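Here's the structure, in structure tokens; my notes come after.
Values reported hereafter were calculated over all heavy atoms of this structure, with side chains retained and with hydrogens, waters and symmetry mates removed. If you're wondering where the values come from, they're calculated on a predicted model, not measured in any experiment.
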Amino acid sequence: SMSLPQQLRDESDFDQLPDNIPVTATIADIEEKKGFIVYYRFVIEVKTKGNSKYLIYRRYRQFFALHQNLELKYSAEAQLGYYTCQLPTLPGKVFMGNKKEIAESRIPELNNYMKRLLCLPTWVLLDDLIRMFFYQTELDSQQVPRALRRLRPPTRKVKTVKPKTDLLSAPRAEAVFDFSGSGRLELSLKAGDVIFLLRRVNADWLEGTVRDKTGIFPESFVNIIKPLPESDTNEEGGASKSGNRAQSSYSCLRCYLLQPEGIDTRDICVEEDLSIQPSYKDLLSQMRGVFQVEDIALNYRDPEGDLIRILDDEDVALMVQESKQTGSKVKRPVNQFPWELLVTHAKDLTVYNTEY
């Protein structure tokens with residue numbers, strides 16, 4: 001049973017397809033995401049057979065996983081079954097080079113890939129693998145596109161949601177000092193700004209909105225005029241009253257710089273899941289940036305309270321694992337990593353408990 005590569009769809013079959021089947025998908029932009037590592041994701045505009053349009057956000061690794069799964073099912077080598085078809089080729093993994101340039105260069109290749117994918121026979125289009133990849137998840141629909149370079153004219157205006165409550169009863173704070181936010185997550189404040197509070201991120205950081213921008217900022221820079229309702233402040237985190245915002249958007253890492261003159265404590269906010277295990281290299285460069293010290297060592301406290309120096313990814317894994325065992329005793333905010341980093345000067349060995 002030879003199946004012809006049916007690149008040109010059989011129109012009568014196509015008419016039978018449901019309206020929500022994607023017919024075209026094009027990359028509108030790439031977006032940088034900062035976590036322990038920086039990665040790029042593609043903003044893709046999907047049009048369906050029923051003529052609706054929506055945006056989805058996918059990383060290259062998601063394309064890669066989709067392709068591997070399709071190959072297992074449909075490539076001629078994979079099986080001798082009846083259903084095989086000629087899959088398009090996906091651009092390969094790239095291990096070296098500037099991530100932004102790699103992502104940029106993939107745009108035409110991935111556009112071509114999606115175009116050919118969506119021309120496959122109708123029975124492939126109905127496969128769950130493809131439907132799930134192009135489906136607009138709840139997370140996709142919550143994203144607000146920054147500025148779409150390749151989509152002109154804009155597909156739709158994103159309405160800014162005005163708080164329903166009258167502003168005088170909304171939780172809010174006034175900035176006492178200027179704060180210049182670093183990175184996309186943080187809000188920049190000018191003294192005197194009124195910030196509408198959305199939720200508490202952890203003991204030191206709040207999330208709020210000022211002049212249509214939303215982000216996080218340190219509580220110590222503001223004066224709270226009307227606090228968030230108690231349910232938002234409790235550290236359990238649950239669904240807050242402010243419209244049940246996705247709680248997982250930030251995770252905080254508590255880290256300390258130990259110096260002879262004292263301890264400098266910081267909370268770093270990253271867009272990474274609490275379950276993530278960062279690499280040693282990523283943590284090291286992150287901490288150099290945070291404390292602006294080049295020659296540093298990373299450490300964690302073991303259950304006995306001694307400092308253990310971290311030298312590689314295996315040590316990071318050990319720290320993460322140990323924190324799971326001891327972490328339950330410590331009460332932490334719901335979106336704070338259960339492990340903490342203690343940063344020391346590389347040559348300072350006095351911090352280790354060596355006297356027995």
| said: Please check: side-chain N/O of Arg106 versus main-chain N/O of Leu110, any donor-acceptor pairing under 3.5 Å? | reply: no
| said: List the residues meeting side chain to side chain contact (heavy atoms under 4.5 Å, CB included) with Lys93, not counting sequence neighbours, and say none if there are none. | reply: Tyr60, Phe64, Phe95
| note | When every non-hydrogen atom of Val94 is compared with those of Met96, the smallest separation belongs to CG1-O, 3.3 Å
| remark: In short, Leu125 meets Arg131 closest at the heavy-atom pair O-CG, 3.6 Å
| message | Does any part of the side chain of Leu117, heavy atoms only, come nearer than 4.5 Å to the side chain of Leu66, both counted from C-beta? | response | yes
| task | May I have the step-by-step check of salt bridge (charged side-chain N to carboxylate O under 4.0 Å, His left out) for Glu219 and Arg200, ending in yes or no? | result | CA-CA 9 Å; Glu219 185 171 8; Arg200 176 171 287 287; 3.1 Å; yes
| side chain to side chain contact (heavy atoms under 4.5 Å, CB included) partner of Ile310, chosen from Leu341, Leu318, Leu284 | Leu341
| field | Closest heavy-atom pair and its distance - Leu187, Gly215 | value | CD1-N, 3.7 Å
| task | Tell me, with the steps shown, if Tyr74 and Trp123 meet ring pair (Phe, Tyr, Trp, His ring centres under 6.0 Å). | result | CA-CA 11 Å; Tyr74 295 123; Trp123 49 264; 5.6 Å; yes
| field | Asp313 side chain to Ser279 side chain, donor-acceptor N/O pair below 3.5 angstrom | value | no
| Is the shortest heavy-atom distance from the side chain of Asp29 to the side chain of Tyr57 under 4.5 Å? | no
| Which atom of Met287 lies closest to which atom of Leu253, heavy atoms considered | CE-CD2, 4.1 Å
